[in-house]
Amino acid sequence: MYYPSNGSPRTANTWGYIAVHEKQEANRAATASHGELPRLPSREGRKKAKSQKGGKNGRRQDTRLPRGRGARHTWRRCAPEGLWSLDVLGIKEPCEKETRIELEEAARDHFAKNVPRDEEGRYVVSLPWIQDHPPLSNCKNLAERRLKNCLRSLERSGNLGNYEAVFHSWLDEDIIEEVQKDADTKNEQYLPHHPVCKDNSTTKIRLVFDGSVKEKNSSSINECLEKGPNIVELIPAIINKFRLRKFGITADIEKAFPQIGIQEDDKRFLRFLWWENGDKENTKIYQHKKVVFGISSSPFLLGATLEHHLKQVTGHMKATEHKLLESFYDGNCVTSVDNQENLGRFMLESREILSPAKFNLRGWEHTGVSAGKKVLYWRKRRKFLFWD
């Protein structure tokens with residue numbers, strides 16, 4: 001034990017100094033036998049610990065994702081978990097897969113019972129609503145804000161006239177109709193829209209509708225509709241059938257979605273706004289009469305309509321019907337035949353089968369020698385298609 005050597009009396013300060021000295025000696029002995037002891041936190045460490053726990057005011061730690069430079073480090077840590085999930089890869093648990101198959105079969109059964117044809121022969125379908133789906137908000141204010149941004153973008157790019165011309169052509173083709181002011185405004189839904197411009201496409205400017213839009217504490221129309229089977233899973237089988245025989249064939253249905261009508265009760269959920277000549281005072285309300293590109297259930301409705309129509313084929317065209325049934329992907333036909341005779345028969349009978357439902361199969365391309373025409377070839381070594 002340490003004692004003062006100057007003979008002074010032991011005051012309170014002296015005894016405190018002795019106690020600290022004894023503790024230091026004990027720590028040195030423990031360190032020598034057991035290794036370094038944990039250090040007491042510094043003043044900066046105590047402040048940091050308080051801020052992590054909420055600080056003096058008890059505020060919660062900020063859990064928002066960082067923005068700017070720090071954001072990419074966070075996403076690097078989080079993104080791979082979603083990339084390697086089984087759902088993304090199309091692999092599901094057996095019980096989940098069975099449930100999904102049951103829902104798809106129920107959607108098909110409902111579709112088959114509600115698919116009449118109009119006087120022109122087109123099929124008229126109803127939207128496949130999910131049972132007990134959450135309520136929808138009309139999203140009219142949100143659609144108006146998005147329209148304002150859309151018009152500003154069109155004016156900058158000089159495409160306002162071309163964009164508006166699409167609406168006029170849709171009115172002439174009976175794809176959309178104007179909603180009168182005295183129409184029912186209950187249980188309606190407005191879809192925002194924006195242009196997609198492609199200079200190298202047959203359609204220079206395309207209108208895309210956003211079915212995923214929703215207001216706070218509400219659901220989007222895409223969340224309330226049955227999406228049907230995952231058609232992406234069909235691609236490997238279709239490509240294999242294309243490579244199976246000597247003559248590969250490709251074609252597509254002209255304006256596939258607008259060839260299918262929408263039943264009257266569902267049209268009010270497919271409304272959208274437009275300002276004629278960019279003037280807000282001249283606001284027009286339109287609604288779709290045909291299946292919309294941008295709604296999650298549209299690919300299912302197209303595929304189910306084609307399947308329903310093809311299964312009604314009988315007689316000598318049954319073989320062509322079976323080949324068409326296995327070759328369609330989102331309105332595109334990809335298949336192969338053994339010889340030129342089968343090629344001609346398939347092209348002729350396919351048009352004959354689909355034309356009564358107003359499906360025009362066009363853009364025919366096939367492998368082989370054809371003078372003065374563009375021909376499709378398959379490069380086996382590099383595994384890609386090219387035109388010559």
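Both backbone and side-chain heavy atoms feed into the values below; hydrogens, waters and symmetry mates do not. Residues: numbered from 1 along the sequence shown.
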(request) Report the distance from atom CH2 of Trp274 to atom CG of Leu207, rounding to the nearest 0.5 Å. (result) 8.0 Å

(request) Given side chain to side chain contact (heavy atoms under 4.5 Å, CB included), test Met347 with Trp364 step by step and report yes or no. (result) CA-CA 8 Å; Met347 293 173 64; Trp364 291 94; 3.7 Å; yes

(request) Compare all side-chain heavy atoms of Ile205 with those of Val196 and state whether any distance is below 4.5 angstrom. (result) no

(message) Quick check on the hydrophobic clustering: are Phe269 and Ile130 connected, directly or via other members, by side-chain heavy-atom contacts under 4.5 Å?
(response) no

(message) Are the side chains of Gln189 and Leu191 in contact, using a 4.5 Å heavy-atom criterion?
(response) yes

(request) Please report the shortest heavy-atom distance between Ser350 and Leu324, naming the atom on each side. (result) OG-CD2, 3.7 Å

(request) Answer with yes or no whether the hydrophobic clustering places Val124 together with Val291; edges join I, L, V, M, F, W, Y residues whose side-chain heavy atoms lie under 4.5 Å apart. (result) no

(message) Assess whether a salt bridge exists between Glu341 and Arg345, defined as any Lys/Arg side-chain N lying under 4.0 Å from an Asp/Glu carboxylate O.
(response) yes

(message) Using every non-hydrogen atom in the two residues, find where Leu310 and Glu321 come nearest and quote the distance to one decimal.
(response) O-CG, 2.8 Å

(request) Check whether any side-chain heavy atom of Thr335 lies under 4.5 Å from a side-chain heavy atom of Phe247, and answer yes or no. (result) no

(message) Is there a side-chain contact between Phe328 and Leu302 in this structure, where contact means two heavy atoms from C-beta onward sitting under 4.5 Å apart?
(response) no

(message) For the CZ atom of Arg268 and the CG atom of Leu270, what is their distance to the nearest 0.5 Å?
(response) 10.5 Å

(request) Check whether any side-chain heavy atom of Met317 sits under 4.5 Å from a side-chain heavy atom of Ile353, and report yes or no. (result) yes

(request) State whether Glu173 and Lys255 are salt-bridged, where the test is any N-O pair (Lys NZ or Arg NE/NH1/NH2 against Asp/Glu carboxylate O) under 4.0 Å. (result) yes

(message) Looking at every non-hydrogen atom in both residues, tell me the closest pair between Glu215 and Lys140 and how far apart they are.
(response) OE2-N, 4.3 Å

(message) According to side chain to side chain donor-acceptor pair (under 3.5 Å), who are the partners of Asp266, at least two apart in sequence or on a separate chain?
(response) Trp129

(request) Heavy atoms only: give me the nearest Leu301-Ser126 pair and the separation to one decimal. (result) CD2-O, 4.0 Å

(request) List the atom of Arg245, the atom of Val337, and the distance in Å for their closest heavy-atom pair. (result) CB-O, 3.2 Å

(request) Would you check if the distance from the ring center of His366 to the ring center of Phe346 is below 6.0 Å? (result) no

(message) Please determine whether residues Leu225 and Val208 belong to a single hydrophobic cluster, defined as Ile, Leu, Val, Met, Phe, Trp and Tyr linked transitively by side-chain heavy-atom distances below 4.5 Å.
(response) yes

(message) Using the rule given for side chain to side chain contact (heavy atoms under 4.5 Å, CB included), can you reason through Glu365 versus Ile249, listing the C-alpha separation, both sets of side-chain angles and the distance that settles it, and then say yes or no?
(response) CA-CA 6 Å; Glu365 303 290 350; Ile249 308 170; over 6 Å; no

(message) Between Tyr163 and His193, do the side chains contain a donor N or O and an acceptor N or O under 3.5 Å apart?
(response) yes

(message) For Glu120, is there an ion pair with Lys358 - N to carboxylate O distance below 4.0 angstrom?
(response) no

(request) Return yes if some donor-acceptor pair links the side-chain N/O of Ser153 with the main-chain N/O of Asn149 below 3.5 Å, else return no. (result) no

(request) Apply side chain to side chain donor-acceptor pair (under 3.5 Å) to Glu326 and His322, showing your working. (result) CA-CA 7 Å; Glu326 295 179 342; His322 182 70; 3.1 Å; yes

(request) Measure from the side-chain N and O atoms of Ser220 to the backbone N and O of Val213, and report whether any donor-acceptor pair falls under 3.5 Å. (result) no

(request) First locate atom OH of Tyr329, then atom CD1 of Ile238, and finally report the distance between them rounded to the nearest 0.5 Å. (result) 8.0 Å

(request) Identify which one of Gln259, His309, His308 satisfies the side-chain hydrogen bond (donor to acceptor under 3.5 Å, both in side chains) criterion when paired with Tyr123. (result) His309

(request) Please examine the side chains of Glu144 and Tyr190, heavy atoms only from C-beta on, and report whether any two atoms are closer than 4.5 Å. (result) no

(request) Give a yes-or-no answer on whether the side chains of Ser137 and Ser218 include a donor-acceptor pair shorter than 3.5 Å. (result) yes

(request) Work out which heavy atom in Asp252 is nearest to a heavy atom in Gly363; give both atom names and the distance. (result) OD1-CA, 4.2 Å

(message) Please check this pair: side chain of Ser169 against backbone of Val166, looking for a donor-acceptor N/O pair closer than 3.5 Å.
(response) yes

(message) Does Gln131 have more than 12 heavy atoms from other residues, nucleotides or ligands lying within 6.0 Å of its CD?
(response) no

(request) Answer yes or no: is there a side-chain heavy-atom contact under 4.5 Å between Pro192 and Phe272? (result) no

(message) Using only atom types and a distance under 3.5 Å, with no angle test, would you say the side chain of Ser336 pairs donor to acceptor with the backbone of Gly248?
(response) no

(message) Quick check: is Val179 connected to Leu171 through a chain of hydrophobic side chains (ILVMFWY, heavy atoms under 4.5 Å apart)?
(response) yes

(request) Look at the side chain of Glu155 and the backbone N and O of Leu160, then say whether any donor-acceptor pair between them is shorter than 3.5 Å. (result) no

(request) Inspect the contact between Asp210 and Arg146 and indicate whether a charged nitrogen and a carboxylate oxygen are less than 4.0 angstrom apart. (result) yes

(message) Once rounded to the nearest 0.5 Å, what's the spacing between atom CD1 of Ile176 and atom NE2 of His168?
(response) 8.5 Å

(message) Does Val292 form a side chain to side chain contact (heavy atoms under 4.5 Å, CB included) with Phe257? I'd like the steps, not just the answer.
(response) CA-CA 7 Å; Val292 184; Phe257 289 145; over 6 Å; no

(message) Looking at Lys311 and Glu307, is there a salt bridge between them, counting it only when a charged N and a carboxylate O are closer than 4.0 Å?
(response) yes

(request) Look at the side chain of Asn159 and the backbone N and O of Asn162, then say whether any donor-acceptor pair between them is shorter than 3.5 Å. (result) no

(request) Answer yes if Leu142 and Leu147 sit in the same cluster of Ile, Leu, Val, Met, Phe, Trp and Tyr residues linked by side chain heavy atoms under 4.5 Å apart, and no otherwise. (result) no

(request) Answer yes or no: are there more than 12 heavy-atom neighbours, outside Phe293 itself, under 6.0 Å from its atom CZ? (result) no

(request) Measure the shortest side-chain to side-chain distance between Phe209 and His194 over non-hydrogen atoms and say whether it is less than 4.5 angstrom. (result) no

(request) First locate atom OG1 of Thr367, then atom CZ of Phe242, and finally report the distance between them rounded to the nearest 0.5 Å. (result) 6.0 Å

(message) Any salt bridge linking Lys246 with Asp338? Criterion: basic side-chain nitrogen under 4.0 Å from a carboxylate oxygen.
(response) no

(request) Working to the nearest 0.5 Å, report the span between NZ of Lys148 and NZ of Lys280. (result) 5.0 Å

(message) Assess the residue pair Leu273 and Ile285 against the criterion (side chain to side chain contact (heavy atoms under 4.5 Å, CB included)); give the C-alpha distance rounded to whole Å, side-chain angles, the decisive distance to 0.1 Å, and a yes or no.
(response) CA-CA 5 Å; Leu273 299 172; Ile285 300 177; 3.7 Å; yes

(message) Checking the side chain of Arg351 only, and the main-chain atoms of Leu361 only, is there a donor and an acceptor separated by less than 3.5 Å?
(response) no

(message) Regarding Glu276 and Asn282, do their side chains bring together a donor and an acceptor under 3.5 Å, going by distance alone?
(response) no

